[in-house]
Amino acid sequence: MGRDRPVLRAIKLLSLIENNKGGLRVADMARQLDAHPRAIYRDLQVLERLPVPIYQDRSGREVYWKLDPDFRKTLSIPVTLSELLAVYLAQDALRPLEGTVLYESLQSLFDKVRAGIPRSLFRELVDLRGAFVSDLPAQKEYRTHREFVEIVNEAIRERRTLRLVYHPRDQEPGERRIDPYAVHLRNGTLYVIGYCHVRKDVRTFVVDRMRKITMTGERFPAPVGFSLANYLRHSFGIFREDIVRVKVRFHKSLSRYLQERRWHPSQRNKKRTDGSLELTFEVAGTKEIKTWILGFGALATVLEPAALREEIVGELRKSLKGYGGR
């Protein structure tokens, strides 16, 4: 937990304290969160500044940190304080949905959360939220797609087939009929996942590439065995193709940074004697992981598959040519 943003770490800590009525020692918290005791003390100070009603209870030589049991009674909705803080601070992550029926429902929830937070705590959160969301990726605006989102939402609820004109990247627009199973928001982009009658398979569609959309009178049965989590399990991002084993070697200067994060559930790390790091993935297609690898420039080298290695070389040659190179 040591490298999370301070507010995120503090919320994790608060959740632990809330779920341990007998209180926790700093050593207990450090062990459970795999953090240094100094980091725990800093996070406790963040909670005290908010101010969250935590206090120290001494038992002999031991000091236990607890949450005031009477504070829960002041909340107007049946959730924990850490849940309230997490929901409020996560608002901006869902900002792309603003102007749609989905966001309006979420806004109603946010308003209830705001009403449930004491005023003194809320004033502190307003200042903290700006820093908390400062590194979110560029966001799309879905206000102009409000009608599309409403139709998709209704079609999923009623299990009705959609007819739409879809404009894939680098292709001409074409008509599709899809049975929508789910909507997924990832990195500020809204996707519809469902069965495509043209491709005869479950596919992923970007909402802002839809040009026309109509809900038909056709109904489709509940998708047997479909799970959004399982569908996306091997995807490096959102799209899914055949499973491919990808191995990449990164310069030693990136080793620590790369090992601090879990980039994909299948990720395997191998530290080499020269300090470099090999990452191996089992991913559904290489389009999205290729973009990720290219972001590291000369510090990343694809070892396998050979086809992806050649694609990367081709992309780098195009880039060099764009800068006047040979």
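When reading the values below, keep in mind they use all heavy atoms of this one structure, side chains included, and skip hydrogens, waters and symmetry mates.
- Other residues, nucleotides and ligands contribute over 12 non-hydrogen atoms within 6.0 Å of the CG atom of Asn230.
- Residues Tyr191 and Val206 come closest through the heavy atom pair CE2-CG2, 3.6 Å.
- In this structure, the side chains of Arg249 and Arg272 come closer than 4.5 Å at one or more pairs of heavy atoms.
- Note that the NE2 atom of His264 and the CG atom of Leu279 stand 12.5 Å from one another [nearest 0.5 Å].
- Contact annotation: the side chain of Val283 never approaches that of Ile243 to less than 4.5 Å [non-hydrogen atoms, C-beta and beyond].
- Rounded to the nearest 0.5 Å, atoms CZ (Arg159) and OH (Tyr181) are 10.5 Å apart.
- To the nearest 0.5 Å, atom CE of residue Met210 and atom NE2 of residue His167 are 14.0 Å apart.
- Going from atom CG of Asp179 over to atom CD1 of Ile156 covers 11.0 Å, rounded to the nearest 0.5 Å.
- Taking every heavy atom of both residues into account, Gly22 and Tyr64 meet most closely at O-CD2, 4.0 Å.
- When every heavy atom of Ala155 is checked against every heavy atom of Pro180, the shortest pair comes out as CB-CG, 3.8 Å.
- Side chain of Arg317 to main chain of Leu320: no donor-acceptor pair is present (N/O by atom type, distance under 3.5 Å, no hydrogens or angles).
- A distance of 11.0 Å separates CG in Leu14 from CG in Asp43, rounded to the nearest 0.5 Å.
- Both Leu277 and Phe296 belong to a single network of hydrophobic side chains, linked directly or stepwise wherever heavy atoms of I, L, V, M, F, W or Y lie under 4.5 Å apart.
- By the 6.0 Å contact criterion, CZ on Phe226 is enclosed, its count of non-hydrogen atoms from other residues, nucleotides or ligands being greater than 12.
- Looking only at side-chain heavy atoms (C-beta outward), Ile293 and Ile312 come within less than 4.5 Å of each other.
- The neighbour count for Gln259 CD, taken as heavy atoms of other residues, nucleotides or ligands under 6.0 Å away, is above 12.
- Centroid-to-centroid, the aromatic rings of Tyr195 and Phe220 stay 6.0 Å apart or farther.
- Here the two rings, on Phe281 and Trp292, have centers that are under 6.0 Å apart.
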(request) Decide yes or no on side chain to side chain donor-acceptor pair (under 3.5 Å) for Asn269 and Gln267, but give the supporting numbers first. (result) CA-CA 7 Å; Asn269 302 345; Gln267 177 179 328; 2.9 Å; yes
(request) Evaluate salt bridge (Lys or Arg N to Asp or Glu O under 4.0 Å) for Glu175 paired with Lys212, printing each intermediate quantity in order. (result) CA-CA 9 Å; Glu175 187 172 295; Lys212 294 180 181 179; over 6 Å; no
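- Using a 4.5 Å heavy-atom threshold, the side chains of Cys196 and Asp201 count as separate.
- Placement of Met29 and Tyr41 within a single hydrophobic cluster is found when ILVMFWY residues are connected by side-chain heavy-atom separations under 4.5 Å, directly or transitively.
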(message) Please determine whether side-chain contact (heavy atoms from CB on, under 4.5 Å) holds for the pair Val26 and Val63, giving the CA-CA distance in whole Å, both sets of side-chain angles, and the decisive distance to 0.1 Å.
(response) CA-CA 8 Å; Val26 167; Val63 177; over 6 Å; no
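- Follow the hydrophobic side-chain contacts under 4.5 Å out from Val302 and you reach Leu254 in the same cluster.
- Side-chain heavy atoms closer than 4.5 Å link hydrophobic residues (I, L, V, M, F, W, Y) into clusters, and following such links, possibly through other members, connects Leu258 to Val246.
- For Arg25, the CZ atom is densely surrounded, since the number of other residues' heavy atoms within 6.0 Å is greater than 12.
- Between Trp263 and Phe250, the ring center distance fails the sub-6.0 Å criterion.
- The pair Glu62-Arg58 fails the salt-bridge criterion, with no side-chain N (NZ, NE, NH1 or NH2) lying under 4.0 Å from an Asp/Glu carboxylate O.
- What you find for Ala300 and Val248 is that their closest heavy atoms are CB-CG1, 4.1 Å.
- Under a 4.0 Å N-O distance rule, the pair Glu154/Arg160 does not qualify as a salt bridge.
- Within the 4.5 Å cutoff, side-chain heavy atoms of Ile193 are placed close to those of Val202.
- Between Arg177 and Glu218 there is a salt bridge, since a side-chain N of the basic residue sits under 4.0 Å from a carboxylate O of the acidic one.
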(request) Tell me, with the steps shown, if Leu44 and Ile54 meet side-chain contact (heavy atoms from CB on, under 4.5 Å). (result) CA-CA 9 Å; Leu44 289 168; Ile54 55 174; 4.0 Å; yes
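- Arg209 CZ: more than 12 foreign heavy atoms inside a 6.0 Å radius.
- Within the 4.5 Å cutoff, the side chain of Arg245 has heavy atoms near those of the Glu304 side chain.
- To the nearest 0.5 Å, atom CD1 of residue Ile151 and atom CD1 of residue Ile213 are 5.5 Å apart.
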(request) Decide side-chain contact (heavy atoms from CB on, under 4.5 Å) for Arg163 and Arg176; before the verdict, give the C-alpha distance in whole Å, the side-chain angles of both, and the deciding distance to 0.1 Å. (result) CA-CA 6 Å; Arg163 180 180 291 109; Arg176 301 287 182 91; over 6 Å; no
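- Minimum interatomic distance between Val207 and Val149 (heavy atoms only, all atoms of both residues): CG1-CG2, 4.5 Å.
- Although no hydrogens or angles enter the test, the distance criterion places no donor-acceptor pair under 3.5 Å between the side chain of Thr214 and the main chain of Leu162.
- Each of Val313 and Leu299 belongs to its own hydrophobic cluster when Ile, Leu, Val, Met, Phe, Trp and Tyr are linked at side-chain heavy-atom distances under 4.5 angstrom.
- More than 12 heavy atoms of other residues, nucleotides or ligands lie within 6.0 Å of CZ in Arg211, so this atom counts as buried by the packing criterion.
- At least one donor-acceptor pair closer than 3.5 Å links the side chain of Asp274 to the backbone N or O of Ser276.
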(message) Set out, in order, the CA-CA distance, both residues' side-chain angles and the distance that settles side-chain contact (heavy atoms from CB on, under 4.5 Å) for His197 and Thr161, then state yes or no.
(response) CA-CA 10 Å; His197 288 256; Thr161 300; 4.1 Å; yes
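- Side-chain contact between Val152 and Val183 is present, with heavy atoms from C-beta onward closer than 4.5 Å.
- Between Pro53 and Leu67, the closest heavy-atom pair is O-CD1, 3.5 Å.
- Remark: Lys271 does not engage Glu278 in a salt bridge, criterion side-chain N to carboxylate O under 4.0 Å.
- For the pair Leu24 and Trp65, the minimum side-chain heavy-atom distance is 4.5 Å or more.
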